[in-house]
Amino acid sequence: MPELPEVEVVRRDLDPVVAGRTIVAVEVGRDRAVRREASIGAYVDALSGRPVTRTDRVGKFLVVHLGIGDGGTPRPDVVVVHLGMSGQLRTAAGGDDPRLAHTHVVWVLDDGAEVRFVDPRTFGHTWTDRTGADGRPTTTAHLGPDALAAGGAADVVAAALAGRRVAVKLRLMDQTALAGLGNIYTDEILFRAGVAPHRPAGSLGAAEVAAVADAIHEILPAAIAARGSSLGDGQYVDGAGRPGTYQEQHAVHAKAGRPCPGCGRPLARLKLGGRSSTFCPGCQV
DNA sequence: AAGCACACCTGCTAGC
DNA sequence: TGCTAGCAGGTGTGCT
């Protein structure tokens, strides 16, 4: 489900609900949703009574910064959420709203509002962590530069692609190279850049690298402005449960067989790394 | 050591 | 109508 734009929309919805509030209770309905912890109880204890200072995002990882709270012994200073394929982080003004099926974790705030982690496919999860010297949680240290923060800087994209024989689309989806891009947005970025997804990453010339960087710079903010992409199965919704609209602007993703918006020829489908890719064999070389 | 296959889950759709 | 196979936005692992 969610790639960088969707996670950013969820973060922006979440921030005003949680910033300045205190987590007074935590409920875990499905243990699998909490990972990388010594125990479920450790997660609950680490969050309970903690004020929320601000929210952040690294690639597709959502980061909630925690203040000291009661206690005093050193404790994790962030809670991280990854939405996986089907995760949603939804806010409810009070506990009276009925909970959706697959609501696995609930944070109850001191004003009665709730933050609910809903995830049918259970690939998403949440955990507590500490931030390192770079301000990122230690469990996100392996990630490359954030694709939005990098702003489509050509030198960052060039460094991610240089010398790699793997398909450029797979390299762009490699979170250790550049963090935040997934199957939807790499399809759209490569179409915009006019680069075929199966080209070896290192084979792109400087003008093509610049075109990819420009496409990242244009597409990610546009997708955030449109509140993300919600595909046919309707999994992605924002913090209030509303779908995004950027799918209306998709040029190629999941449109195999339909006419290319550039040249009118049918869009082709290709398997790369076990994922399906859509591209225009005429416009993308 | 880069690159690949596969495992982890549930739910929906297309096809028989 | 009901069953089954295939597919879906992602990440981490372990093998070659």
Side-chain angles (χ1 to χ4, degrees), chain A residues 1-10 29-36 57-62 80-89 100-105 117-127 129 137-144 147 159-190 197-203 219-220 223-224 226-238 243-247 249-250 252-257 269-278:
Chain A
M1 156 198 175
E3 303 181 24
L4 187 155
E6 290 75 31
V7 177
E8 179 61 17
V9 170
V10 168
R30 179 153 176 163
D31 289 0
R32 183 178 152 76
V34 174
R35 301 187 213 170
R36 313 185 204 215
R57 182 191 52 73
V58 184
K60 302 170 192 170
F61 294 73
L62 185 64
V80 185
V81 180
H82 196 290
L83 299 175
M85 296 272 263
S86 60
Q88 306 172 0
L89 209 53
L100 296 172
H102 309 292
T103 298
H104 302 319
V105 180
F117 177 57
V118 182
D119 186 17
R121 274 179 87 183
T122 73
F123 286 173
H125 49 287
T126 174
W127 62 98
D129 198 2
T138 59
T139 48
T140 64
H142 65 294
L143 298 178
L161 302 184
R164 299 287 168 160
R165 277 185 284 187
V166 71
V168 60
K169 166 151 168 167
L170 295 180
R171 187 62 182 164
L172 289 174
M173 284 199 295
D174 183 339
Q175 303 300 297
T176 68
L178 196 60
L181 305 180
N183 207 28
I184 294 176
Y185 292 102
T186 49
D187 270 359
E188 295 299 313
I189 286 162
L190 289 171
H198 47 90
R199 285 269 302 281
S203 74
I219 287 174
L220 294 183
I224 293 167
R227 303 194 60 77
S229 298
S230 294
L231 296 192
D233 63 10
Q235 295 282 21
Y236 167 70
V237 294
D238 65 19
T245 65
Y246 191 70
Q247 67 281 359
Q249 298 178 55
H250 287 180
V252 295
H253 181 74
K255 293 175 183 276
R269 183 163 141 153
L270 173 72
K271 278 260 185 203
L272 284 174
R275 317 292 301 281
S276 74
S277 299
T278 314

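Letters go in sequence order (proteins before strands), and every chain restarts at 1.
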Testing C/dG10, C/dA8, B/dG11 for proximity to the side chain of A/Arg269, the answer is C/dA8
To the nearest Å, give me how far apart CG (A/Asp119) and P (B/dT10) are.
11 Å
Closest of B/dC9, C/dG10, C/dC7 to the A/Arg121 side chain is B/dC9
Return the set of residues passing salt bridge (charged side-chain N to carboxylate O under 4.0 Å, His left out) with A/Glu8 (not counting sequence neighbours), or none when no residue passes.
A/Arg11, A/Arg12, A/Arg57
Please tell me whether A/Glu3 and A/Tyr236 have a donor and an acceptor in their side chains that are separated by less than 3.5 angstrom.
no
Separation of A/His253 atom NE2 from C/dC7 atom P, in whole Å?
14 Å
Looking at C/dA8, I'd like to know if its phosphate oxygens (OP1 or OP2) sit under 4.0 Å from a side-chain N or O belonging to A/Ser86.
no
For nucleotides C/dG6 and B/dC6, find the distance between their P atoms and express it as a whole number of Å.
14 Å
Protein-nucleotide distance (A/Leu231, atom CG; B/dG11, atom C1'), rounded to Å
15 Å
A/Lys271 has an atom NZ; how far is it from atom P of B/dA5, in whole Å?
11 Å
So, using side chain to side chain contact (heavy atoms under 4.5 Å, CB included) as the criterion, who are the partners of A/His82 when residues are at least two apart?
A/Lys60, A/Phe61, A/Trp127
Restricting to non-hydrogen atoms, name the atom on A/Ala179 and the atom on A/Gly144 that form the minimum distance, rounded to 0.1 Å.
CB-O, 3.6 Å
Side chain of A/His102 (C-beta onward), nearest among B/dG11, B/dC9, C/dG10:
B/dG11
Go through the structure and list residues passing salt bridge (charged side-chain N to carboxylate O under 4.0 Å, His left out) with A/Asp238, not counting sequence neighbours.
A/Arg227, A/Arg242
Non-neighbouring partners of A/Arg32 that pass side chain to side chain donor-acceptor pair (under 3.5 Å), sequence neighbours left out
A/Thr122
Dump the intermediate steps for side chain to side chain contact (heavy atoms under 4.5 Å, CB included) on A/His102 and A/Gln88, then the final yes or no.
CA-CA 10 Å; A/His102 309 292; A/Gln88 306 172 0; over 6 Å; no
Using both pair distances under 3.5 Å as the test, note the stems of at least 3 consecutive Watson-Crick or G-U pairs that include DNA chain C.
B:2-8 with C:10-16, B:10-16 with C:2-8
Provide the distance between the two P atoms, one in C/dT1 and one in B/dG11, to the nearest whole Å.
23 Å
Can you give me the N/O atom pairs linking the protein to nucleotides 11-14 of chain C at distances under 3.5 Å, or say none if there are none?
from	atom 1	to	atom 2	distance (Å)
C/dT11	OP1	A/His82	NE2	3.0
C/dT11	OP2	A/Lys60	NZ	3.0
C/dG12	OP1	A/Arg36	NH2	3.2
C/dG12	OP2	A/His142	NE2	3.2

Would you mind classifying the nucleic acid contact of A/Arg30 as base, sugar-phosphate or nothing, using non-hydrogen atoms under 4.0 angstrom?
sugar-phosphate
Specify the separation, in whole Å, of atom CD of A/Gln88 and atom C1' of B/dT10.
13 Å
Sorted by first residue and then second, give each salt bridge (Lys or Arg N to Asp or Glu O under 4.0 Å) pair with at least one member in residues 178-190 of chain A; sequence neighbours left out.
A/Lys169-A/Asp187
With sequence neighbours left out, the residues meeting side chain to side chain contact (heavy atoms under 4.5 Å, CB included) with A/Ala160 are A/Ala177
Separation of the P atoms in B/dC9 and C/dG14, to the nearest angstrom
16 Å
With sequence neighbours left out, what residues match A/Thr103 under side chain to side chain contact (heavy atoms under 4.5 Å, CB included)?
A/Arg99, A/Leu100, A/Val106, A/Arg116, A/Val118
Protein-nucleotides 1-4 of chain B N/O pairs under 3.5 Å:
from	atom 1	to	atom 2	distance (Å)
B/dA2	O5'	A/Arg164	NH1	3.4
B/dG3	OP1	A/Arg165	N	2.9
B/dG3	OP1	A/Val166	N	3.2

Partner set under side chain to side chain contact (heavy atoms under 4.5 Å, CB included) for A/Ala226, not counting sequence neighbours
A/Thr245, A/Tyr246, A/Gln249
For A/Thr186, which residues count as a side chain to side chain donor-acceptor pair (under 3.5 Å) partner, sequence neighbours excluded?
none
